[in-house]
Amino acid sequence: MDTFTVKAYGAESTTADLKEMNIERRDTTPNDVEIEILYCGVCHSDLHTARNDWGGTVYPAVPGHEIVGRITKVGSDVSKFKVGDLAGVGCIVDSCGHCDSCKHDLEQYCLNGFTGTYNGKDKHLGGHTFGGYSQKVVVDSNHVLKVPENLDPAAVAPLLCAGITTWSPLRHWNVGPDSKVAVVGLGGLGHMAIKLAKGLGAEVTLFSRTPGKTEDAKQLGADHVIISTDDAQMESVKGKFDVIIDTVPYVHDVNPYVATLNINGTHVLVGYLGGLEPILNTVPMIMGRKSVAGSVIGGIAETQELLDFCGEHNIVSEIEMIKMQEINEAYERMLKSDVRYRFVIDMQSL
């Protein structure tokens, strides 16, 4: 297969800073589109992969799965996109297409494993996939998204991971105007959970450990803020919530939050992978038919639904724009939660 070379930013080892490098992209097949990348969001997953925090990283690693750009070439069999369209690519660039999950537009749960935008198996060129910290990307058109032209394209980029990660559980658990939703953690995921739940018409509460984020949360659309370290405030919302979206990315005690669920309520973990400590107490779950669940990103159709909804309701992420050359500093700041609320790279800087 013919290829062409583009500039990118990536890491060559676990301990190496990201730096400029050249990578190969495939020429477009009949089903592909080629996209000139304008903006790429920065996700915690990018950092974890670059530093091999989860194991399994293949180097050189080029992160980035919140991609927005203009289509510069379309394959001969592509009909739903044309050159010049504003397009997005999220966390998935391929899936088997025939398992039960894929047949139900749940590519994120592909039973044969979806192909990640980076660090996935590249079935075209062999080796592994490279992400959006690069000038261009070539993607199967079935995994490309239409971006509403009325939205700020830079602020759209985080919708393709942070947005869909919170949208998918909100939709799955049928959040609407009669729902009472709580969000744990106000960061990249949490601020999108507030905006989207409010956009769906829910009454929205933020759980925060300190009062410092109260004003920000209310500006984003939260109706209430509960300080989770205040026993009296936690008692005041016992049995209240239909859905809790938990965006905290590290091990933490979920038991106090489960107590605030209504009958049939669900606490959804979207930010943390691993064991729960202290142990999950099943008594309030059994006595109130409450659930603790997990959710990850969303399929292509659901992500398009999110983008269309955001276009209609003018919802985008709160972002701080950076140059590509500032990515290593941005990673360090991200570890300190020193961003409001998502970094986005201006790829013209590359």
Side-chain angles (χ1 to χ4, degrees), residues 41 43-46 48 54 65-66 90-92 95 99-117 143 145 158-176 179-200 202 204-207 241-255 257-258 260-262 264-276 280 285 289-307 309-310 315 317 341-342:
C43 176
H44 267 93
S45 300
D46 298 352
H48 291 313
W54 296 332
H65 58 202
E66 298 177 346
C91 305
I92 303 173
S95 57
C99 72
D100 284 345
S101 293
C102 289
K103 287 178 180 178
H104 289 89
D105 295 323
L106 297 171
E107 296 93 344
Q108 74 273 34
Y109 302 120
C110 176
L111 299 178
N112 295 298
F114 69 78
T115 300
T117 304
H143 295 81
L145 300 145
L159 299 179
L160 298 166
C161 180
I164 188 59
T165 296
T166 50
W167 175 258
S168 187
L170 290 171
R171 294 292 286 150
H172 180 75
W173 277 279
N174 300 312
V175 167
S179 303
K180 292 180 171 59
V181 174
V183 177
V184 186
L186 186 58
L189 294 175
H191 94 286
M192 285 311 312
I194 290 174
K195 286 190 172 196
L196 293 171
K198 192 64 180 177
L200 288 165
V204 184
T205 298
L206 173 71
F207 282 119
F241 301 111
D242 303 303
V243 178
I244 298 173
I245 305 295
D246 186 338
T247 72
V248 176
Y250 48 79
V251 64
H252 58 290
D253 186 1
V254 303
N255 291 298
Y257 303 112
V258 173
T260 69
L261 288 171
N262 197 353
N264 300 319
T266 305
H267 182 110
V268 189
L269 295 158
V270 299
Y272 172 66
L273 300 172
L276 292 175
L280 183 61
M285 297 170 64
R289 199 159 60 190
K290 303 174 183 181
S291 303
V292 175
S295 180
V296 67
I297 53 174
I300 302 303
E302 193 171 49
T303 307
Q304 188 63 62
E305 176 193 66
L306 161 68
L307 291 173
F309 179 86
C310 288
I315 296 173
S317 298
Y341 281 97
R342 204 75 163 184

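Because the structure is a prediction, the values reported are computed rather than measured.
The backbone N or O of C161 sits less than 3.5 Å from a side-chain atom of T165, completing a donor-acceptor pair. Panel note: side chain H104, backbone S101; no donor-acceptor pair is recorded below 3.5 Å. Not a single donor-acceptor pair under 3.5 Å links the side chain of S179 to the backbone N or O of A202. Side-chain N or O atoms of Y109 include none that pairs as donor or acceptor with a backbone N or O of D100 at under 3.5 Å.
The two residues S45 and W54 come nearest to each other via the heavy atoms OG-CH2, 3.5 Å. Residues P169 and S295 come closest through the heavy atom pair CD-OG, 3.6 Å. Between T247 and G185, the shortest heavy-atom contact is OG1-O, 3.2 Å. Between E107 and I300, the closest heavy-atom pair is OE1-N, 3.1 Å. Annotation for I315 and G199: closest pair CD1-CA, 4.3 Å, computed over non-hydrogen atoms. Residues A193 and I245 share a closest heavy-atom pair of CB-CG2, 4.2 Å.
In this structure, L186 and I194 have side chains that are in contact, with non-hydrogen atoms separated by less than 4.5 Å. In this structure the side chain of V254 reaches within 4.5 angstrom of the side chain of H267, judged on heavy atoms. Using a 4.5 Å cut-off on side-chain heavy atoms (C-beta onward), Q108 and E302 make contact.
Distance CG/L106 to OG/S168: 8.0 Å, rounded to 0.5 Å. The distance from atom CZ of F114 to atom CD1 of I92, rounded to the nearest 0.5 Å, is 5.0 Å. H143 NE2 to T303 OG1: the interatomic distance, rounded to the nearest 0.5 Å, is 10.5 Å. The structure places CD of E305 at 7.5 Å from CD1 of I164, a figure rounded to the nearest 0.5 Å. Interatomic distance, K290 NZ to T266 OG1, rounded to the nearest 0.5 Å: 11.0 Å. To the nearest 0.5 Å, atom CG of residue L200 and atom NZ of residue K198 are 11.5 Å apart.
Exactly one of V251, D246, V248 qualifies for a side chain to side chain contact (heavy atoms under 4.5 Å, CB included) with Y272. That residue is V251. For the pairing with T166, the side chain to side chain contact (heavy atoms under 4.5 Å, CB included) check across I297, L196, L306, V268 returns one residue only, L196.
For F241, the ring pair (Phe, Tyr, Trp, His ring centres under 6.0 Å) partners two or more places apart in sequence, or in a different chain, are F207. Listed by chain and number, the residues in a ring pair (Phe, Tyr, Trp, His ring centres under 6.0 Å) with H65 are Y118 (sequence neighbours excluded).
Under the 30°/60° scheme for interplanar angles, the aromatic rings of W167 and F309 are found to be tilted.
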